[in-house]
Amino acid sequence: MSTTASLENNAGQVALRAAARVAGLIAGRDRFLFLRHGRTAGNMGRIYQHPDIPLCDEGFCDADDAAQALREIAFDHIYASDMARAWLTAGRVAAVTGKPVAVRRALRERYFGDLIGTSSEGLDWRIDPPNGETMAGFIERTLSGVAELLVPGPMPLLISHGGVLRVLCGALDVELPVELTANALPLAFERDGGSGWRITPLMQPAPVPQAVGVA
């Protein structure tokens with residue numbers, strides 16, 4: 001597992017969180033699960049990634065470790081981004097847990113347009129990349145899609161990306177410690193009894209953050 005937040009522009013992180021909080025998210029359930037995809041060569045090389053970049057060898061190991069942890073957790077259905085790194089992660093989890101998988105394009109990472117293939121160090125979420133998604137468009141697309149999944153009924157596991165995780169935490173106004181941004185770390189989101197939310201890791205987070213690219 002590797003964490004990513006230390007490589008981002010702090011003001012950009014704050015702006016993304018604030019904008020997502022303003023947009024808000026009304027969740028129709030009190031608990032759901034989230035898993036960021038396993039590592040890729042793009043993460044390791046700290047570049048903005050193409051949608052089709054697959055997991056690297058370490059990433060497949062990440063996904064397998066997460067799948068083993070999720071064997072012991074009650075959930076019913078996997079919804080995954082169709083970007084290769086998330087879809088491949090979902091396949092490993094489904095193979096171990098026996099849960100059905102469905103694609104949801106709204107769970108995709110932000111599309112960084114002409115920045116794809118360039119360095120993502122110092123990523124600033126406020127900057128609108130040429131031929132890519134704006135921050136506002138990314139937030140709206142993400143939250144509208146997630147809201148459709150967080151409804152009463154079977155327990156969902158969302159397999160997605162670091163940017164989506166940040167937007168989700170901003171919209172629910174829940175803190176996201178850097179160690180919980182790790183690749184392939186299963187997370188449980190739960191209402192804390194009032195109107196707030198808390199996040200609980202479902203396996204041991206990486207003890208020492210290892211900085212890799214987020215996007």
Out of the candidates Leu88, Val93, Val164, Val101, only one should pair with Ile159 under the side-chain contact (heavy atoms from CB on, under 4.5 Å) rule; please name it. Val93
Applying the side-chain contact (heavy atoms from CB on, under 4.5 Å) criterion to Phe32, which one of Leu150, Leu149, Val146 satisfies it?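 Going through Leu150, Leu149, Val146 one by one, the side-chain contact (heavy atoms from CB on, under 4.5 Å) with Phe32 is satisfied by Leu150 alone.
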If you look at every heavy atom in [X] and [Y], which pair is closest and at what distance?
X: Ala19; Y: Met135; result: CB-CE, 4.0 Å
X: Leu143; Y: Ala171; result: CD2-CB, 3.6 Å
X: Pro129; Y: Leu115; result: CB-CD1, 3.7 Å
X: Ile53; Y: Ala84; result: O-CB, 3.6 Å
X: Arg166; Y: Gly162; result: NH1-O, 2.8 Å
X: Ala106; Y: Gly145; result: CB-CA, 3.5 Å

Roughly how far apart are Thr181 OG1 and Gln13 CD, rounded to 0.5 Å?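 That separation rounds to 8.5 Å.
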How long is the span from the CD atom in Glu121 to the CZ atom in Arg46, to the nearest 0.5 Å? 5.0 Å
Test: [X] and [Y] ion pair at under 4.0 Å:
X: Asp62; Y: Arg85; value: no
X: Arg17; Y: Asp173; value: yes
X: Asp64; Y: Arg92; value: yes

What verdict does the side chain to side chain contact (heavy atoms under 4.5 Å, CB included) test give for Thr89 and Leu35, after you've listed the backbone C-alpha separation in whole Å, the side-chain angles of each residue and the deciding distance to 0.1 Å? CA-CA 9 Å; Thr89 300; Leu35 179 67; 3.9 Å; yes
Are any non-hydrogen side-chain atoms of [X] and [Y] less than 4.5 angstrom apart?
X: Ile139; Y: Leu16; value: yes
X: Leu187; Y: Thr200; value: no
X: Asp82; Y: Trp87; value: no
X: Arg36; Y: Leu185; value: no
X: Phe189; Y: Leu33; value: no
X: Pro201; Y: Leu180; value: yes
X: Cys169; Y: Ile199; value: yes
X: Leu168; Y: Thr142; value: no

Return yes when atom CZ of Arg31 has more than 12 non-hydrogen atoms of other residues, nucleotides or ligands closer than 6.0 Å, and no otherwise. yes
For [X] and [Y], which I'm curious about, is there any donor-acceptor pair between the side chains at under 3.5 Å?
X: Trp197; Y: Glu190; answer: no
X: Gln49; Y: Thr40; answer: yes
X: His37; Y: Ser160; answer: no
X: Arg39; Y: Asn183; answer: no

With a 4.5 Å cut-off on side-chain heavy-atom distances among I, L, V, M, F, W and Y, is there a chain of contacts connecting [X] to [Y]?
X: Leu55; Y: Leu165; value: no
X: Val174; Y: Leu176; value: yes
X: Met83; Y: Leu157; value: no
X: Val103; Y: Leu158; value: no

Parallel, tilted or perpendicular for Phe138 and Trp125, by the 30°/60° rule? parallel
Would you say Arg29's side chain and Pro154's backbone share a donor-acceptor pair under 3.5 angstrom?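 Flag set: sc Arg29 to bb Pro154 pair under 3.5 Å.
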Treating Glu8 as the side-chain partner and Leu123 as the backbone partner, does any N or O pair qualify as donor plus acceptor under 3.5 Å?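 Not confirmed, Glu8 side chain does not pair with Leu123 backbone.
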Only distances under 3.5 Å count here; give the side-chain donor-acceptor pairs of residues 71-79 to other protein atoms, sequence neighbours excluded, each with its distance to 0.1 Å.
{"from": "Arg71", "atom 1": "NH1", "to": "Gln68", "atom 2": "OE1", "distance (Å)": "3.4"}
{"from": "Asp76", "atom 1": "OD2", "to": "Met155", "atom 2": "N", "distance (Å)": "2.6"}

Out of Glu109, His161, Arg108, Arg104, which residue meets the side-chain hydrogen bond (donor to acceptor under 3.5 Å, both in side chains) rule with Ser81? His161
